[in-house]
Amino acid sequence: MPLFFTVVVCSYNREKYIADAIKSLLNQSLDKRLYEILIIDNNSTDSTGEIARDYVQKYESTHQIRYVKETNQGLCFARNRGIQEAQGKFIVYMDDDGIADPNFLEVQHHFLTDFDYVIGLGGKIIPRYVDGKPKWIDGILEGLVSKVDHGDKVFQYTGKKYPVGCNMTYRKDILEQVGMFDTGIGQVGDNLVRGDETELYERIKKLNRPVYYLPKSRVEHVIEKNRLTRDHIRKMSEGVGIGRRILYFKADWKGKLKIRLELFTKFIVALVFALGYVFTGRFKKAKAWVNFRLDVHRGFGKT
């Protein structure tokens, strides 16, 4: 039976949660002959690699599971290594602190076999707050912790919506066709630069092939308290700006204008949201919105 999916889990220093991510994939309802689990260790300095290798050794007789070390530092290098190593028709990306629903792959398999012209999918990503949801965050700012919830209806992605890395599926040949992930963008080690998934999707969009949102394809994303501190959110927000700046220098004059207009428009929108929260006495949410957009602009201004 040919492999339908390769589930790629790229990991860097995630010893606390990598086991839960792997177990959620081992326990999928889909026929085990239809998918493989590929763990890409991107130079972890903790016990992530050891934990992953232990799971491979324990389950390789009952599951298709492999471990690969990618020594080029950076999430895009790890993701591209996953493409090179994958044996499945479709590549499913899930974060190393993600927890897939038991029917995660089965839902995707049913949809992609029923609609074989579809080249990619995204699904729900629901935060699992270890220490409770903070008061300053709202439904939109939860995007900073990779929340994706566009409702319960299936739809084709258009406009600004696109699959997000913790729950992102593309056909392998499509990723190869568009040139894979741009290794000049994205997270490297502990930095939090963003923009690689957006940039990839912009290239995929040019193929005019359908990519769908599938709400029943669901992953929980573990969010610890340390990822909600002002310092971490600042670094992440600046990373968004740095990512936009990298794309800015790659763009033609129209692309540059588009990025600047986008940054300006989103800053105005942030001020509107903040004022709305001020008038209703929700000052923490107002401050969070202003800080976020200021941090993005600060990142965009960095050289």
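Basis for what follows: all heavy atoms, side chains included, without hydrogens, waters or symmetry-related copies.
With Y67 as the aromatic partner, R53 meets the cation-pi criteria of under 6.0 angstrom to the ring centre and within 45 degrees of the ring axis. A cation-pi arrangement is absent between R293 and F267 under the rule of less than 6.0 angstrom and at most 45 degrees off the ring axis. Note that R209 lies outside the cation-pi zone of Y117, set by a 6.0 Å cut-off to the ring centre and a 45° limit from the axis. The cationic group of R245 lies under 6.0 Å from the six-membered ring centre of F300 and within 45° of the ring axis, placing it in a cation-pi geometry.
In terms of hydrophobic clustering, with Ile, Leu, Val, Met, Phe, Trp and Tyr side chains grouped at heavy-atom distances under 4.5 Å, Y201 and Y212 are assigned to different clusters. Note on I174: it clusters hydrophobically with Y213, by side-chain heavy-atom contacts below 4.5 Å among ILVMFWY residues. By the criterion of side-chain heavy atoms lying less than 4.5 angstrom apart, applied directly or through intervening Ile, Leu, Val, Met, Phe, Trp or Tyr residues, V8 is not grouped with I99; the two fall into different hydrophobic clusters. A continuous path of hydrophobic side-chain contacts links F249 to I246 [ILVMFWY only; heavy atoms under 4.5 Å]. L271 and V278 end up in different hydrophobic clusters when Ile, Leu, Val, Met, Phe, Trp and Tyr side chains are linked at under 4.5 Å.
For the pairing with V92, the side-chain contact (heavy atoms from CB on, under 4.5 Å) check across T6, L121, V7, L38 returns one residue only, V7. Results of the side-chain contact (heavy atoms from CB on, under 4.5 Å) test with Q108 over N167, V118, N103 single out N167 as the only residue that passes.
Heavy atoms of other residues, nucleotides or ligands lying less than 6.0 angstrom from NZ of K287 number 12 at most. A 6.0 Å sphere centred on NZ of K58 holds no more than 12 heavy atoms belonging to other residues, nucleotides or ligands. In R33, the CZ atom is not crowded: 12 or fewer heavy atoms of neighbouring residues, nucleotides or ligands sit closer than 6.0 Å. Crowding of K133 atom NZ: a count of heavy atoms from other residues, nucleotides or ligands under 6.0 Å exceeding 12. In this structure, K161 places its NZ atom where only 12 or fewer heavy-atom neighbours from other residues, nucleotides or ligands lie under 6.0 Å away. The environment of CZ in F155 is crowded: more than 12 heavy-atom neighbours from other residues, nucleotides or ligands sit within 6.0 Å.
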Exercise for the section: Test I223 against V130 for side-chain contact (heavy atoms from CB on, under 4.5 Å), laying out the working first. Expected result: CA-CA 6 Å; I223 305 299; V130 175; over 6 Å; no

Handout entry: CA sep, side-chain torsions, deciding dist, call: R128, H221, side-chain contact (heavy atoms from CB on, under 4.5 Å)
Key = CA-CA 6 Å; R128 179 188 287 188; H221 192 207; over 6 Å; no

Practice task
Begin from the C-alpha positions of Y59 and I37 and carry the test side-chain contact (heavy atoms from CB on, under 4.5 Å) through to its verdict.
Solution key: CA-CA 11 Å; Y59 289 98; I37 303 165; over 6 Å; no

Practice task
Take I126 and V219 through the test side-chain contact (heavy atoms from CB on, under 4.5 Å) and record every step on the way to the result.
Solution key: CA-CA 6 Å; I126 306 300; V219 170; over 6 Å; no

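The closest side-chain heavy-atom distance from L34 to D31 is below 4.5 Å. L247 has its side chain within reach of I185: a pair of non-hydrogen atoms, C-beta onward, lies under 4.5 Å apart.
Taking CZ from R227 and CG from D97, the interatomic distance works out to 5.0 Å, rounded to the nearest 0.5 Å. Taking NZ from K124 and NZ from K216, the interatomic distance works out to 10.0 Å, rounded to the nearest 0.5 Å.
A side-chain donor-acceptor contact under 3.5 Å links N42 to the backbone of G74. Side chain of D96 to main chain of I18: no donor-acceptor pair is present (N/O by atom type, distance under 3.5 Å, no hydrogens or angles). Side-chain atoms of D41 do not come within 3.5 Å of backbone N or O of K69 as any donor-acceptor pair.
The aromatic ring centres of F181 and F77 sit 6.0 Å or more apart. Ring pair F4/Y35: centre-to-centre distance not below 6.0 Å.
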